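Here the structure is laid out as structure tokens; the discussion comes afterwards.
Side chains are part of it too, since the values below use all heavy atoms of this structure and drop only hydrogens, waters and symmetry mates. Here is the naming used below: chain letters follow the sequence lines, and residue numbers restart at 1 for every chain. The model shown is predicted, which means the values in this text are computed figures rather than measured ones.
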Number of protein chains: 2
Amino acid sequence: MGKRVLLYGALLAAGTLLLQWLDYQRLVRSHIGDLYIFLIAGGFLALGVWLGVRGIARPAPRAFDGNPQAVAALGLSPRELEVLDELLAGRSNQEIADKLGVSLNTVKTHVARLLEKLRAKRRGDAVARARELGIVK
Amino acid sequence: MGKRVLLYGALLAAGTLLLQWLDYQRLVRSHIGDLYIFLIAGGFLALGVWLGVRGIARPAPRAFDGNPQAVAALGLSPRELEVLDELLAGRSNQEIADKLGVSLNTVKTHVARLLEKLRAKRRGDAVARARELGIVK
DNA sequence: GCGGCAATCCCCCGAAAGGATGATTTGCGT
DNA sequence: ACGCAAATCATCCTTTCGGGGGATTGCCGC
């Protein structure tokens, strides 16, 4: 997969150079122009990464897990299941917040509800319970 | 959350407009310049999205199994393994202390060493790591 | 007998987690 | 239109964790 990154980057670079050459006189006349381009590229790259991480990558992973019956019985919401997955991975509240694109407080709320519904006192408890109940593999 | 996307976009747009204004004479002289910028922005945006999706959505490749003795490789002591089992069960340090008949401080020491050896920052991390490494089922 | 190591315990202190509540927004069903 | 549940963010407060130290005991190997 690393190859495709490089390929993509190479194509982009090639296109950029081509356009730059075509428009050479106007655009490379000053360094300010270059800086401008650089900022645009960097800004949109960052925006893209951000969007990709939270906008695109989020809905996908929540396909399914083992036991819909147990989930329904416990009344776990979809969002709570996402948080549960993160707990399974041993992540901190802050990390979960960043990954899901919500605030720390929101994560704490979700976790608190998970603890209630799973009748667990700690997040580690919740993980153990979830495994027992077959909610996760 | 949609608000933050808009906010981000708005800030970026504002910055862009500012720079464009500052560099007005040079860059807005022709439409070709605009097209150039647009392509750069779009290209890097796409690249960013792609990278973001790839970077996050990939599931960690399971290394090796080895419930046999990857333990030896990590240098885990017998007592540490006992504590690890308790961590698996989602118990608190105090509960572990009571169960193993040692003081809270001792448990904390064992847990701290486990975190080091498993290269984990949190106990939940340690649990996830232990599973990856096949130390436990 | 000395060095190393596992196991035990202690203290301090900042960071993370958890409990209790309240509030707002949005979508959904009647 | 109204009520409800889910999701979001918040504040205050307590408990638990985790990271620095440091220290003692007992065992094993050389």
Side-chain angles (χ1 to χ4, degrees), chain A residues 50 53-55 58-59 61-62 68 71-130 135, chain B residues 1-8 69 71-130 135:
Chain A
W50 189 68
V53 167
R54 55 193 318 305
R58 187 176 57 182
R62 175 79 278 137
V71 171
L74 292 171
L76 299 181
S77 75
R79 201 52 158 168
E80 284 164 0
L81 283 178
E82 288 183 59
V83 173
L84 179 56
D85 277 341
E86 303 300 326
L87 290 187
L88 264 278
R91 299 204 169 84
S92 71
N93 287 339
Q94 187 59 64
E95 285 173 340
I96 298 172
D98 294 342
K99 194 156 180 239
L100 298 185
V102 297
S103 84
L104 174 60
N105 289 309
T106 300
V107 173
K108 291 176 80 170
T109 300
H110 287 316
V111 171
R113 294 219 167 130
L114 276 172
L115 294 183
E116 284 178 35
K117 291 177 180 177
L118 291 173
R119 282 175 300 288
K121 292 182 187 63
R122 290 163 294 282
R123 65 225 276 64
D125 244 355
V127 170
R129 282 283 298 155
I135 294 175
Chain B
M1 83 126 206
K3 291 174 185 172
R4 301 222 301 224
V5 179
L6 291 178
L7 180 60
Y8 197 118
Q69 247 56 8
V71 174
L74 292 172
L76 299 181
S77 76
R79 202 52 159 169
E80 283 163 2
L81 282 178
E82 289 183 60
V83 173
L84 180 55
D85 278 339
E86 302 302 323
L87 289 187
L88 266 269
R91 299 204 168 85
S92 71
N93 287 340
Q94 187 58 65
E95 285 173 340
I96 299 172
D98 295 342
K99 193 146 183 262
L100 297 185
V102 296
S103 85
L104 175 60
N105 290 308
T106 301
V107 174
K108 292 178 73 173
T109 302
H110 288 316
V111 171
R113 294 219 168 131
L114 276 171
L115 294 183
E116 285 177 34
K117 292 177 179 177
L118 291 173
R119 286 180 302 288
K121 292 183 185 60
R122 291 164 293 281
R123 63 229 266 87
D125 243 354
V127 170
R129 282 283 297 156
I135 295 176

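- A pairwise comparison of heavy atoms in B:Val102 and B:Arg79 identifies CG1-NH2, 3.5 Å as the closest pair.
- When the side-chain nitrogen and oxygen atoms of B:His110 are compared with OP1 and OP2 of C:dT8, one or more of them lie within a distance under 4.0 Å.
- Residues satisfying the side chain to side chain contact (heavy atoms under 4.5 Å, CB included) criterion with B:Ala97, sequence neighbours excluded, are B:Gln94, B:Val107.
- Atom CZ in A:Arg119 sits about 18 Å away from atom C1' in C:dG19, given to the nearest Å.
- Across B:Ala120 and B:Ala126, no two heavy atoms sit closer than the pair CB-N, 3.4 Å.
- For the pair B:Glu95 CD and C:dG18 P, the computed distance is 13 Å after rounding to whole Å.
- The phosphate of C:dA6 has neither OP1 nor OP2 within less than 4.0 Å of any side-chain N or O from B:Ser77.
- Between A:Glu116 atom CD and C:dT21 atom C1' the separation is 12 Å, expressed in whole Å.
- For A:Arg129, the salt bridge (Lys or Arg N to Asp or Glu O under 4.0 Å) partners two or more places apart in sequence, or in a different chain, are A:Glu132.
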At under 4.0 Å between heavy atoms, how does the protein contact nucleotides 11-30 of chain D? Give one character per nucleotide, 5' to 3', with B, S or -.
B-----SBS-----------

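- Over its full length, the helix from C:dG1-D:dC30 to C:dT30-D:dA1 turns its helical axis through 50°, comparing axes from the five pairs at each end and rounding to 10°.
- Between B:Ser103 and C:dC10 there is a side-chain N or O to OP1 or OP2 distance below 4.0 Å.
- Closest approach of A:Asn93 and A:Arg123 over heavy atoms only: OD1-NH2, 2.9 Å.
- The nearest whole Å value for the distance from the NZ atom in A:Lys117 to the C1' atom in C:dG19 is 17 Å.
- The nearest whole Å value for the distance from the CG atom in A:Leu118 to the P atom in C:dG19 is 12 Å.
- The list of side chain to side chain donor-acceptor pair (under 3.5 Å) pairs with a residue in residues 104-117 of chain B, not counting sequence neighbours, reads B:Glu80-B:Lys117, B:Ser103-B:Thr106.
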Audit row: B:Ile96, B:Leu104, side chain to side chain contact (heavy atoms under 4.5 Å, CB included) steps and yes/no:
CA-CA 8 Å; B:Ile96 299 172; B:Leu104 175 60; over 6 Å; no

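- B:Lys99 is linked by a salt bridge (Lys or Arg N to Asp or Glu O under 4.0 Å) to B:Glu86, counting only residues two or more places apart in sequence or in another chain.
- The two atoms that bring A:Leu114 and A:Leu84 nearest to each other are CD1-N, 3.8 Å, heavy atoms only.
- Put simply, CD on B:Glu80 is 8 Å from C1' on C:dA6, counting in whole angstrom units.
- Straight-line distance from the CG atom of A:Leu76 to the P atom of D:dA7: 10 Å, rounded to whole Å.
- Atom-to-atom, CG of A:Leu114 to C1' of C:dG19 comes out at 15 Å; the value is rounded to the nearest Å.
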